[in-house]
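The structure appears right after this line, and notes come after that.
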Amino acid sequence: MSLSTNPFPDDADRSAIWTMLVPRDIKAFVNADWSMVEGDFIADDFMGINGNKNDNPDGWTISYPTLAQYRDEWLRQAHEGQKVVYAEDQEAGIHRATSLTEIEITGERAIAHKKFKGEIALADGGKDVLNWQTLYFCRKVDGQWKLTGFVGYLPYPMPNQG
């Protein structure tokens with residue numbers, strides 16, 4: 001069961017991309033279980049760009065030239081998240097902060113716009129602030145949508161973005 005509602009119930013392609021990038025990705029991250037998402041990638045066609053929370057593309061870097069490098073960083077962040085003591089359910093908090101309502105599909109390629117804007121209460125009275133966006137690049141292979149890369153850790157909203 002997902003903790004958020006699929007905005008594409010009548011669109012099989014967008015629904016599949018949303019399911020991959022929202023409930024499956026969040027659950028895998030909270031559990032620090034890469035095996036849950038490993039099959040969602042095209043390893044030999046992957047590249048991850050880190051926007052470094054910079055709205056100027058001149059400040060973006062190829063931080064993950066291989067899927068293995070991205071996997072290692074993803075797991076590092078997931079394990080760090082498991083050390084945090086939350087005052088509420090972390091998975092529910094991430095769902096609450098996550099929005100993925102824009103997916104452009106042209107032929108066998110897609111761009112999904114995932115946005116994070118929210119807070120998760122910490123046990124010490126503080127808050128974990130989620131505030132960035134990521135563009136995911138997908139390709140349909142043998143009838144299934146897979147990830148080929150992303151431009152992530154971008155400011156949200158971007159200047160002049162509503």
Side-chain angles (χ1 to χ4, degrees), residues 1-42 46 48-51 53 55 64 67 70-71 73-75 77-123 126-162:
M1 181 179 132
S2 177
L3 296 172
S4 52
T5 303
N6 185 334
F8 308 104
D10 300 320
D11 184 326
D13 287 319
R14 285 176 177 82
S15 181
I17 292 169
W18 182 89
T19 298
M20 173 175 60
L21 290 172
V22 179
R24 187 163 56 239
D25 181 59
I26 293 171
K27 181 168 273 312
F29 185 80
V30 169
N31 293 331
D33 184 353
W34 180 257
S35 70
M36 292 177 67
V37 294
E38 185 173 18
D40 292 336
F41 295 89
I42 301 174
F46 181 85
I49 305 293
N50 185 339
K53 298 199 175 179
D55 64 342
Y64 315 106
L67 182 58
Y70 175 62
R71 177 204 60 218
E73 177 59 15
W74 186 95
L75 283 167
Q77 290 179 23
H79 287 297
E80 285 297 314
Q82 289 183 325
K83 295 176 188 174
V84 176
V85 181
Y86 290 97
E88 61 179 309
D89 182 72
Q90 179 192 19
E91 184 177 357
I94 296 172
H95 272 274
R96 189 176 60 243
T98 302
S99 171
L100 176 53
T101 59
E102 298 173 52
I103 301 173
E104 176 188 352
I105 298 175
T106 302
E108 303 292 299
R109 296 282 185 167
I111 299 176
H113 303 245
K114 188 174 178 182
K115 298 171 174 79
F116 301 88
K117 185 173 178 73
E119 302 172 348
I120 307 172
L122 299 173
K127 56 190 172 186
D128 186 1
V129 177
L130 288 73
N131 187 232
W132 69 90
Q133 61 185 317
T134 299
L135 298 175
Y136 290 94
F137 306 110
C138 308
R139 183 162 51 104
K140 198 170 193 180
V141 178
D142 297 327
Q144 293 202 334
W145 287 101
K146 304 282 185 177
L147 295 163
T148 61
F150 65 87
V151 178
Y153 312 106
L154 297 168
Y156 181 70
M158 293 282 251
N160 300 317
Q161 181 181 22

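Salt bridge annotation for Lys115-Glu102: present, with a cationic side-chain nitrogen under 4.0 angstrom from a carboxylate oxygen.
Proximity of Val22 to Ser4: side-chain heavy atoms (C-beta onward) are separated by under 4.5 Å at one or more points. The shortest distance between side-chain heavy atoms of Tyr64 and Trp74 does not fall below 4.5 Å. Using a 4.5 Å heavy-atom threshold, the side chains of Leu75 and His79 count as touching.
Panel note: side chain Arg14, backbone Ile103; a donor-acceptor pair is recorded below 3.5 Å. Remark: the backbone N or O of Phe137 is paired with a side-chain donor or acceptor of Thr148 at under 3.5 angstrom. Asn131 places no side-chain N or O within donor-acceptor distance of the main-chain N or O of Pro155, the cut-off being under 3.5 Å. Under a 3.5 Å cut-off, the side chain of Lys114 and the backbone N or O of Leu21 do form a donor-acceptor pair.
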(request) Begin with the C-alpha distance, continue with both residues' side-chain angles, and end with the deciding distance and a verdict on side chain to side chain contact (heavy atoms under 4.5 Å, CB included) for Leu3 and Asp89. (result) CA-CA 11 Å; Leu3 296 172; Asp89 182 72; 4.3 Å; yes
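At most 12 heavy atoms of other shown residues, nucleotides or ligands fall within 6.0 angstrom of atom CD in Gln144.
Remark: Glu119 pairs with Lys127 by the salt bridge (charged side-chain N to carboxylate O under 4.0 Å, His left out) rule, at least two apart or across chains. Remark: Asp13 engages Asp11, Ile105, Lys140, Trp145 in a side chain to side chain contact (heavy atoms under 4.5 Å, CB included) (not counting sequence neighbours).
With values rounded to the nearest 0.5 angstrom, Phe116 atom CZ is found 11.0 Å from Leu154 atom CG.
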